[in-house]
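Single-structure report; data block below.
On a predicted model such as this, the values are computed, not experimentally measured, just so you know.
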Amino acid sequence: MIGLGAGIASANEALATMQQNAADWTMPTGDYANTRYSTLDKINKGNVKDLVPAWTFSTGVLRGHEGNPLVIGDTMFVHTPFPNIVYALDLKDNGSIKWKYEPVQDPNVIPVMCCDTVNRGVAYAPAAEGGKNLIILHQADTTVVALDAATGEQVWTVKNGDPSKGETGTAAPMVVKDKVMIGISGGEFGVRGSLTAYNLKDGTQAWRAYSTGPDAEMLFDPEKTTALGKPVGADSSLKTWEGDQWKIGGGTTWGWYSYDPELNLIYYGTGNPSTWNPSQRPGDNKWSMAIMARDADTGMAKWVYQMTPHDEWDFDGVNEMILADIDVDGAPRKVLAHFDRNGFAYTLDRATGELLVAKKYDPAVNWATEVVMDKESEQYGRPQVVAQYSTEQNGEDVNSTGICPAALGTKDQQPAAFSPKTKLFYVPTNHVCMDYEPFRVAYTAGQPYVGATLSMYPAPNSHGGMGNFIAWDAGKGEIVWSLPEQFSVWSGALATAGDIVFYGTLEGFLKAVDSTTGEELYKFKTPSGIIANVMTYETDGQQFVGVLSGIGGWAGIGLAAGLTDPNAGLGAVGGYAALSKYTALGGQLTVFTVPNQTAAK
């Protein structure tokens, strides 16, 4: 095990090795492939019924707690929403505080944080030779801070954006080789999306790739960057925007990032175009709503795929890209699986970007009939929009009703998990529809640039709830089993070799289900609603499961911010009004274990 004081010749090799050590949880996503799978099996379907809280820790902060802690050796690193406190806890001493870092930030950043003051976690960077092991924090005000993992002292700091323009920081960083990848939030404020790589040594910028604009600024090669197997050509983004709208065009990058060391490619999604009123931005609005595959060293795009051209519903494309080896059409493929907000689950070849599967993962999805899979068709790869649910065709100041899913998507940022044992993906979903009325809005830097009024409600003619937790076969594009939930499942999933899958609910339950059948094996109600991601680790030969609870995020913004207008929170307040009956604000880490555990047979 690599300790906090170790001097490592190659941080790249060290982190790649560390992710294979199941005793630790070294990355926000668990591993580079974003599988959120653990080979630990001392907590398993045979004994998970005996799971009990082992210890708890109060973060001292209310509002929405997304993301999850890291565990490196005997230290756990816990983060909070704004003001983005970081704690280092001693796992050898009942979680006592080794150090605490609390940045001083201007509270004026809070009003420009869409959908709560969340933060999705910190990253760990092993020391290069002669250096220090680092914890990387991306603060709400876009400050990126490298902390000494042993002491919490600042090593370097750099500014990634400008909150006065609506740019904020909510995404977890990802460390790759000698760099750390940092995204940007603020699509509802007309922010132009980008992904930036900073050098771990000193925080200097290595490269920045924008989501929209000129090829040179997007790091696109017109002849070598491909979309569905064909070169994108010159000015592929500029040609799809009217005038200079691309400069405030959105495409922000506040989701999760993954990395394939063999291909040396990083993968991530871009968010919605600005504004939400589609009439103000004619064209496909590339490359918002897209999957990007980029060279980790240079940032140059190898391939790109736009899932929702000319988005009319705020279906961000930022959800995680899970890298897995599965069978598609009877043949083994190295794939990228992506569960998009638009309600379609995509399976692509992660080396080439070839589209292999695109199917609805909630039967309620109705805004499009299908994604065309015929490579000879001019519509190849495009969703076929249903006119009734087209906010563009219905026009400004017209309320389009019954659109499924709602703007928060069939799945928001809450990450799915993949089990190499079952070859299934476990997906937390929203079973929610909406009414959507676009209106004309003017852009002012630092002011909301939304241009739509929304209301949300459970999908009609269904089980009456607002969520499902599903198992998905990405090779076939089929739901294997589905568990209905009263509210959206806003928690990230965890799959383990113990043949169980964990997830949390907005009411605050931690649940464990059989990974093959979906049978519920255990549940426990934590002090507040769970919008965080379940993780697991091992100390002194004993396995533990941890999760943050603290209601908030988009679904819980009414509780988190004290909002009561049903249309507030971009429509979520009314849709999730009943949550206040089941949970209240909180900020707590709960760590569970099974006493007298043994490995699965």
Side-chain angles (χ1 to χ4, degrees), residues 29 34 114-115 120 170-171 181 183-188 191-195 209-212 218 220 225 227-228 232 236-237 240-241 246 249-258 265-276 278 281 283-294 301 303-323 335-348 350 353 355 357-362 365 367-368 371 381-383 385 405-416 427 429-430 474 554:
T29 54
N34 258 313
C114 165
C115 323
R120 298 185 182 93
T170 60
M181 310 295 167
I184 198 74
S185 304
E188 278 60 63
V191 168
R192 183 184 173 206
S194 63
L195 182 71
Y210 284 95
S211 304
T212 63
M218 295 193 302
F220 270 39
T225 302
L228 296 175
V232 294
S236 60
S237 175
T240 66
W241 294 89
W246 59 269
T252 49
T253 52
W254 52 271
W256 306 93
Y257 321 116
S258 53
L265 293 177
I266 54 173
Y267 306 91
Y268 65 97
T270 64
N272 59 286
S274 297
T275 157
W276 287 20
R281 44 173 176 79
D284 277 357
N285 308 139
K286 293 175 178 176
W287 290 96
S288 66
M289 316 300 292
I291 298 172
M292 298 276 188
R294 295 186 179 275
W303 60 261
V304 63
Y305 169 60
Q306 188 178 42
M307 295 154 292
T308 315
H310 187 59
D311 170 42
E312 306 171 37
W313 312 269
D314 182 46
F315 292 153
D316 294 61
V318 300
N319 291 353
E320 73 285 353
M321 313 297 162
I322 303 176
L323 313 183
V335 308
L336 175 156
H338 171 74
F339 299 90
D340 199 64
R341 290 253 298 261
N342 70 12
F344 286 85
Y346 298 86
T347 307
L348 299 97
R350 64 179 182 261
L355 184 61
V357 180
K359 294 287 187 180
K360 298 176 183 180
Y361 62 105
D362 184 336
V365 173
W367 69 275
V371 173
R382 293 182 73 97
V385 176
L408 41 70
T410 300
K411 189 180 84 62
D412 205 287
Q413 62 78 37
Q414 59 271 36
V427 191
T429 74
N430 312 313
W554 194 354

Give a yes or no answer on whether the side chain of Tyr257 reaches the backbone of Gly183 with a donor-acceptor pair at less than 3.5 Å. yes
Those residues that, when tested against Tyr267, pass ring pair (Phe, Tyr, Trp, His ring centres under 6.0 Å) (two or more places apart): none
Where the side chain of Ser185 meets the backbone of Trp254, is there a donor-acceptor pair that is under 3.5 Å apart? no
Keeping the roles fixed (side chain from Arg192, backbone from Gly250), state whether a donor-acceptor pair exists under 3.5 Å. no
Verify the distance criterion only: is there a donor paired with an acceptor across the side chains of Arg120 and Thr170 at less than 3.5 Å? yes
Below 4.0 angstrom, N of the basic side chain to O of the carboxylate: do Asp362 and Lys411 qualify? no
So, Trp303 side chain and Leu228 main chain: donor-acceptor pair closer than 3.5 Å or not? no
Please tell me if the side chains of Asn430 and Thr410 come closer than 4.5 Å, counting only heavy atoms from C-beta onward. no
Close side-chain approach of Asp311 and Asn285, heavy atoms under 4.5 Å: no
Nearest heavy atoms of Glu320 and Gln414, plus distance in Å: OE1-O, 4.2 Å
Is it the case that over 12 heavy atoms from other parts of the model lie below 6.0 angstrom from the NZ atom of Lys360? yes
Using 30° and 60° as the class boundaries, would you call the ring planes of Phe339 and Tyr361 parallel, tilted or perpendicular? perpendicular
Classify the ring geometry between Phe220 and Trp287 as parallel (under 30°), tilted (30 to 60°) or perpendicular (over 60°). tilted
